[in-house]
Protein chains: 2
Amino acid sequence: MTNINKTPTLKIIAEIIGCSASTVSRALQDHPGISQDTKKRICEMAKKMDYSPDSVARSLQKKSTTTIGVIVPEIRHDFFSSAIDGIEDRAYQAGYTIIVSKSNEDYNREVLNTRSLTSNRVAGIIASVAQTTRDGQHFLAIRKRGIPVVLFDRVLEDVDVSKVIVDDYVGAYNSVKHLIDCGCIRIGHLSGPKHLKISNARLRGYKAALENAGIGYDDNLVVTVELDEKHGMEGVRQLLNLENKPDAIFAINDPVAVGAHKEIQSQGYIIPDDISITGFSNNPITEMIEPQLTTVDQHGYKMGQMAAELILDEINSDQVDWAPETRIVETELIIRGSTVKN
Amino acid sequence: MTNINKTPTLKIIAEIIGCSASTVSRALQDHPGISQDTKKRICEMAKKMDYSPDSVARSLQKKSTTTIGVIVPEIRHDFFSSAIDGIEDRAYQAGYTIIVSKSNEDYNREVLNTRSLTSNRVAGIIASVAQTTRDGQHFLAIRKRGIPVVLFDRVLEDVDVSKVIVDDYVGAYNSVKHLIDCGCIRIGHLSGPKHLKISNARLRGYKAALENAGIGYDDNLVVTVELDEKHGMEGVRQLLNLENKPDAIFAINDPVAVGAHKEIQSQGYIIPDDISITGFSNNPITEMIEPQLTTVDQHGYKMGQMAAELILDEINSDQVDWAPETRIVETELIIRGSTVKN
DNA sequence: AATAGTTATGCAAACGTTTGCATGAATTGA
DNA sequence: TCAATTCATGCAAACGTTTGCATAACTATT
């Protein structure tokens, strides 16, 4: 599509007013060296012509953009879209725009994304890494070029950049503590695959809460499952088959909890009267089932905000070597009907 | 944060190789006028230094970017994040990046967003308008400057730009026809506010399907509700209070359907044996409830893809006056347990 | 009236590309 | 051997900004 109306530039305004482009530039910036009269004339004309500065040209000259690059494994996913939302809000407040790209859980595409973003001279990159990403060289290389990098949620342990993570341990601890406070004494746990950091952190939280309450740990009450609904159903069956059944379930995440929820009900138990249950993540589903699920909010939106704040701090710092910083987002226990009668 | 390693540029490579920047530029573009030998030396060096061209500088010189601007009312919302996903995929394939901004359902912010995007010299803008937007001047002005605009889903009727919309009429028709095919003969409709286009289109589809099947239209079976779960519950109560109760419900959207779903079950009716029910949108919730909800997929992802395709066509066209085009996305009926026993 | 100081403005370079044109070297054909 | 042709490369301008420095026109001070 070709341009019909020409976009106004400094030079065009300058010609109309009868001055130089520098004067127009300075007038628009309210530079002290320009007379009130000229300023007024120029500003009026600029407004009349609906002038807006060419950020491309400005970025070239300033050698920096006001754009933040974002890389996520998946866009169409409540947690990530919430995070993007949080990033956008903070960026918008600071006058920045965001370029969103997704890796599709593919390491190679993630590397390509970083190249594209650096090529676009973004002021910084916020990323949550793909499941297939093991190595963080691409992020380190960017950082060495002076572009701040913030990893959030899915971070790489051994990569020395700023990070925003959630405290899974505390989240799990509080969740289990809540079950105990509700009077449950035999709490089962549907745990995740052992190679995942979150599984271990949440399992530790579970154990600590039990110990703190003086409840003995029972190996039979912990079942390891994959992170989806189907496995939640299967896992909980094992627990319901025990002769000494649990009176509560702490599930590693919401899909697993939803699976358990269904299975428990289809076996005729009443939630929360017979068995209480809690999940993790605060997915939208948790509000849609009956009774609604008590869960741990991971605050995707909040994490996005914090990641944006962190990167803006780093961008605006003039320190040559900003030490990477890790910020931890507090989880929040959302108490609903699956643990408390309403 | 300050730069430590300098980013390689054409000039730097030129100095190392001992030629001019133009030669490097041409070599990297595989320009015919450069000798094989020089090309090889230059390309190797560029790779070694991990050179990637400065898109900012290139955009300035070429007077065009490879960035598409996206404006949505809300990011954290399944339909919109799916649409963004679809846009990203197509854009990525074409070598474009996307800038995502949200209006927060606020007309003024939407106008600001368009300014920011044009200032960033995006190649085109894809938008879904805010609820408070009545006037489309801001989009027309952009288009007059030669920047293609594509509106999707929430479009402005009187604004002459390209559009991607869904056929609500057909979607509703098929949904109701399905209920009829399942043997239902007394089909209630939870309709939406009368000033919304979607309400009317879906209502027309409902009526047409009935008429086509020779089923008389009964005013008592249509209840107007707000578009959320709570009103779905309230609305369906009216229908269940009729002495001649419906044997099926077609709800204007999924939240309303979910509300109705809950209410129907809590009154002791069995879905779909006593009453069948269908929604609209294919929100993730629809798969999470028991029985799962038959619904109409609006294909947010597909709409995003189509919007991206449309804008890329327009960007790559050299026609001075590209006639706006409207493309209609076919809805798809997703049949699940709320209408058919499994 | 001459100098110093102030005020308002313009010039030109720079940011990193791309590309039309010019130039010089090498090759070809007679 | 000379002109014509081809080949490889460089020069310089342009894209729209910003900004240090120079300059011109005043104003104030003596």
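Order of the sequence lines fixes the chain letters, A, B, ..., with proteins taken first and strands second; residue numbering starts at 1 for each chain.
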d(CD, A:E15; P, D:dG16) in whole Å: 12 Å

Enclosure of B:K163 NZ (heavy-atom neighbours >12, cutoff 6.0 Å): yes

Which nucleotide in C:dA12, D:dC11, D:dG10 has an atom nearest any side-chain atom of B:S22: D:dC11

Distance, rounded to the nearest Å, where B:I17 contributes CD1 and D:dT9 contributes P: 11 Å

Ionic contact status for B:D54 with A:K63, cut-off 4.0 Å: no

Distance-only donor-acceptor check, side chains A:S25 and A:S22, under 3.5 Å: no

Interatomic distance where CG belongs to B:N120 and P belongs to D:dT17 [whole Å]: 13 Å

Pair A:Y107 + A:H138: ring centers closer than 6.0 Å: yes

Any B:R41 side-chain heavy atom under 4.5 Å of B:Q36 side chain: no

For atom CG of A:L60 and atom P of D:dT18, their distance in whole Å: 12 Å

B:L28 side chain near B:Y51 side chain, heavy-atom distance below 4.5 Å: yes

Rounded interatomic separation in angstrom, taking CZ from B:R121 and C1' from D:dT17: 11 Å

Whole-Å distance separating the CZ atom of A:R26 from the C1' atom of D:dT17: 12 Å

Any A:S25 side-chain nitrogen or oxygen under 4.0 Å from OP1 or OP2 of D:dT18: yes

Heavy-atom side-chain proximity of A:V24 to A:C19 below 4.5 angstrom: yes

Nucleotide C:dT17, atom P - distance to NZ of B:K62 in whole Å: 13 Å

Heavy-atom side-chain contact between A:F80 and A:R154 under 4.5 Å: yes

Selected nucleotide, minimal atom distance to B:Q61 side chain, candidates C:dT9, D:dT19, D:dC15: D:dC15

Nucleic acid contacts - residues 45-54 of chain B versus DNA chain D, non-hydrogen atoms under 4.0 Å: none

DNA chain C contacts among residues 28-44 of chain B, heavy-atom distance under 4.0 Å: B:Q29

Donor-acceptor side-chain pairing of B:E110 and B:T133 below 3.5 angstrom: yes

Whole-Å distance separating the CD1 atom of B:I12 from the P atom of C:dT17: 9 Å

Touch class at under 4.0 angstrom, heavy-atom based, for B:T9 against every strand present: sugar-phosphate

Under 4.0 angstrom between A:K63 side-chain N/O and C:dG16 OP1 or OP2: yes

